[in-house]
Amino acid sequence: QVQLVESGGGLVQAGGSLRLSCAASGRTFSNYVMGWFRQAPGKERVFVAAIRWSYGITYYADSVKGRFTISRDNAKNTVFLQMNSLKPEDTAVYYCAARATPIDTMILSSPAIFGSWGQGTQVTVSS
């Protein structure tokens, strides 16, 4: 399994921005799918965004489209989640996830298809 380490969370006012990073260890990620999920207290973990490493194709949950951008830096084996126009309802622990093999887009938003997870980083948006 790949090792994932998230960073960049914190406290921000509504309307502000944060950029999360996910550093992935020591593999060739050409076939990987990388995802971001979030989990608010008492709620299940839900899909935020994903990217196919080789082609840079991106996918977003409807709730974050137009506000969040997922990207990757091949040289640094790092995936980013740029979060703009943050809202209080974006408050959650954000997790980075990785899948080593391609997967159908129809189930890309399911946490169950990702085999590796980071430890999570807290994002708190105050109103």
For residues [X] and [Y], determine if any side-chain heavy atom of one lies less than 4.5 Å from a side-chain heavy atom of the other.
| X | Y | result |
| --- | --- | --- |
| Val33 | Phe114 | yes |
| Thr91 | Gln122 | yes |
| Val123 | Met83 | yes |
| Thr105 | Arg52 | yes |
| Trp36 | Cys96 | yes |
| Met34 | Val2 | no |

Connected via hydrophobic side-chain network under 4.5 Å: [X] and [Y]:
| X | Y | value |
| --- | --- | --- |
| Val79 | Tyr55 | no |
| Phe37 | Tyr60 | no |
| Val64 | Val12 | yes |

Spacing of [X] atom [atom1] and [Y] atom [atom2] [to the nearest 0.5 Å]:
| X | Y | atom1 | atom2 | answer |
| --- | --- | --- | --- | --- |
| Leu86 | Ser126 | CG | OG | 10.0 Å |
| Ser127 | Lys87 | OG | NZ | 14.0 Å |
| Leu20 | Gln82 | CG | CD | 9.0 Å |
| Ser71 | Arg19 | OG | CZ | 7.0 Å |

Measure across [X] and [Y] and return the closest heavy-atom pair with its distance rounded to 0.1 Å.
| X | Y | answer |
| --- | --- | --- |
| Phe68 | Val48 | CD2-CG1, 3.7 Å |
| Leu108 | Ala50 | CD2-CB, 3.9 Å |
| Leu81 | Ala49 | CD1-CB, 4.2 Å |
| Asn84 | Ser17 | OD1-OG, 2.9 Å |
| Ser21 | Thr78 | CB-CG2, 4.2 Å |
| Ala98 | Leu4 | N-CD1, 3.8 Å |

Ring-ring centroid check Tyr59 Phe47, cutoff 6.0 Å:
no
Between Ile113 and the options Ile107, Thr101, Asp104, the side chain to side chain contact (heavy atoms under 4.5 Å, CB included) test singles out Ile107
As a test of understanding, state which of Tyr32, Trp53, Phe80 forms a side chain to side chain contact (heavy atoms under 4.5 Å, CB included) with Arg72.
Trp53
Evaluate the ring planes of Tyr95 and Trp117, with Trp represented by its six-membered ring, and classify them as parallel (under 30°), tilted (30 to 60°) or perpendicular (over 60°).
perpendicular
Any donor-acceptor pair under 3.5 Å linking the side chain of [X] with the backbone of [Y]?
| X | Y | value |
| --- | --- | --- |
| Ser25 | Gln3 | yes |
| Glu6 | Gln119 | yes |
| Gln39 | Ala92 | no |

N-O pairing of Lys65 and Asp62 below 4.0 Å
yes
Around atom CD of Gln13, are there more than 12 heavy atoms from other residues, nucleotides or ligands closer than 6.0 Å?
no
